[in-house]
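Below is one structure, written out as structure tokens, with a few remarks after it.
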Amino acid sequence: MKRLFGTDGVRGVAGEFPLDAATVSRLGGALVESLRHGSARPPRVLIGRDTRESGPDLEKALARGIEAAGGRADLGGVLTTPAVACVTRIYGYDAGVVVSASHNPFRDNGIKIFSRQGFKLPDLLEAEIERHVLDGEEAAPSGEVATSRDEVAASPAELHDRYLDWLRESVPADAGFSGWKVVLDCANGAASPLGPELFRRLGFEVVAIHSDPDGRNINEDCGALHPEHLAKEVVRRGARLGLAFDGDADRCLPIDASGRVLDGDYVLYLMAMDLKRSGRLTGGAVVGTVMSNLWLERALGAEGIRILRAPVGDKYVLEQMQEGGYVLGGEQSGHIVFLERATTGDGILTGLLLCDLLRRTGLDLAAWAATIRPAPQVLVNVPVRSKPPLDDHPTIGPAIRDEQKALASRGRILVRYSGTEPKARIMVEGESRRDIEDCAARLERVIRDEIGRQTP
């Protein structure tokens, strides 16, 4: 079992273990050891970060560790997570590192690592790196040192522009978006300098909100975690749609012209149908997660498209996509992976491709979304003080099984721990909202009584 890495890298409170300067420096050194693989050339690592006030110090600690171990650290400044994955691949870096806690509050931070191909590291390599950090063991070589590379460090401005150019290449050069008014909620995060610039370059009339980061306002009452504010702004401005990003812009939630918030299931359906029409939906399947709503499974099934359910986490969605050769996958949270184009979830790319689909098809997004009837779903987060195996717990395990038995075929229950926070997450889906709310409340009480954590 991994001890540092969760479902999306290393997370914690900035300045505290494992995000204290000493541990972060050791992590940088362990990464270099895993990349060296007998080469005399110093592995080169790109570091990008979001807008948290703790980012620069963690960036410096990482760079110290990388360089002390004989590597070379290039600082990319403020970049989205998918931008780091993209330019790592384009510029031939041996690895890319993102200092970000994604959608978490500003006090938190994290470290995500990408291979030179732009993919998140597999669990086995993460475990090897953390053994080096925690136990002093030598990290196993990854075998991913590039054979050729541009040794001249690209400036943050060059990385910024190259990523925007790559995004623009995702739509036809003659795509016309003149007269399209969009509202972008940048979550006061890494999308703030990138999203509005891209859409303006493409001819959109852009209204940018929550795009003035101060180091502490990232994700604060804004962005993909709080799309209700964007929804009001879309209606007030008479915009065609809105796009809500999170702090590191690896997710996107669209808002239609009526102010309706659409989750990732809506995007997956539209993109799956578009790929099917063009003959590019390999395997006739889409990879969702255990959280994907029943309406999506039924709607895709009616079109002859299967949905495969991966564990929660875009990393695991991507792994299942690669194993099966599928090109589209994603989560309700707005992480959508377009494997033909990208190696990780990219919120700005998702928003751009959705706009292009609407442009090409003439679909009235609001009218279509009004016809969708998702199955009622209740989500409850319970702060916990520990994370014992849920199925084997003498009280929690039987409670979950009894509730599932009572719901029978009329619903389903998923209880899991967050991979990035000390929380248990309860999801209950079914035909009756009252039944699933009662079920979720009972499970919440059991978990609070057994392993709950007092919150301030």
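This structure is a prediction, so every number in the text was calculated from the model and none was measured. As a basis for the values below, the full set of heavy atoms in this structure was taken, side chains included, without hydrogen atoms, waters or symmetry mates.
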* Would a distance-only check, ignoring hydrogens and angles, find a side-chain to backbone donor-acceptor pair under 3.5 Å from Asp20 to Thr23? -> yes
* Go through Asp274 and Arg277 one step at a time and tell me if the salt bridge (charged side-chain N to carboxylate O under 4.0 Å, His left out) criterion holds. => CA-CA 5 Å; Asp274 193 50; Arg277 285 191 293 267; 3.4 Å; yes
* Should Asp250 and Lys112 be marked as a salt bridge (charged side-chain N to carboxylate O under 4.0 Å, His left out) after you check the CA-CA gap, both sets of side-chain angles, and the distance that decides it? -> CA-CA 12 Å; Asp250 61 355; Lys112 310 180 193 185; 3.4 Å; yes
* Does a salt bridge link Arg52 with Asp108, judged by any charged N lying under 4.0 Å from a carboxylate O? -> no
* CZ (Arg107) with more than 12 external heavy atoms under 6.0 Å -> no
* Structure fact -> Of Val98, Val97, Leu159, Asp94, the one forming a side-chain contact (heavy atoms from CB on, under 4.5 Å) with Leu46 is Leu159
* Asked: Quick one: do Arg448 and Glu444 make a salt bridge, cutoff under 4.0 Å?
  -> yes
* For the pair Glu429 and Arg433, find out whether any cationic side-chain nitrogen is under 4.0 Å from an anionic carboxylate oxygen. => no
* Test side-chain contact (heavy atoms from CB on, under 4.5 Å) applied to Arg359 - qualifying residues, sequence neighbours left out -> Pro172, Ala175, Phe177, Trp180, Asp356
* Sub-4.5 Å side-chain heavy-atom contact between Asn219 and Asn188 -> no
* Asked: Do Arg341 and Asp346 sit within salt-bridge range, that is, some charged N less than 4.0 Å from a carboxylate O?
  -> no
* Run the numbers on His210 and Asp185 for side chain to side chain donor-acceptor pair (under 3.5 Å), then give the verdict. => CA-CA 6 Å; His210 303 123; Asp185 187 336; 3.1 Å; yes
* For the residue pair Glu197 and His160, establish whether any side-chain heavy-atom pair is separated by less than 4.5 Å. => yes
* So does Glu128 pair up with Arg131, basic N to acidic O under 4.0 Å? -> yes
* For Arg298, look at atom CZ and say whether over 12 heavy atoms of other residues, nucleotides or ligands are found less than 6.0 Å away. => no
* Asp435 and Arg410 ion-paired at < 4.0 Å -> yes
* Asked: Under 4.5 Å between any side-chain heavy atoms of Asp221 and His229, yes or no?
  -> yes
* Is the shortest side-chain N to carboxylate O distance from Lys120 to Glu319 below 4.0 Å? -> no
* Asked: Just one of Leu241, Val235, Leu262 clears the side-chain contact (heavy atoms from CB on, under 4.5 Å) bar with Asp256, so which one?
  -> Leu262
* Asked: Ion pair present between Arg11 and Glu421, side-chain N to carboxylate O less than 4.0 angstrom?
  -> no
* Salt bridge or not for Arg445 and Glu450, using N-O below 4.0 Å? -> no
* Asked: From Ile426 CD1 over to Cys439 SG, what is the distance, rounded to the nearest 0.5 angstrom?
  -> 8.5 Å
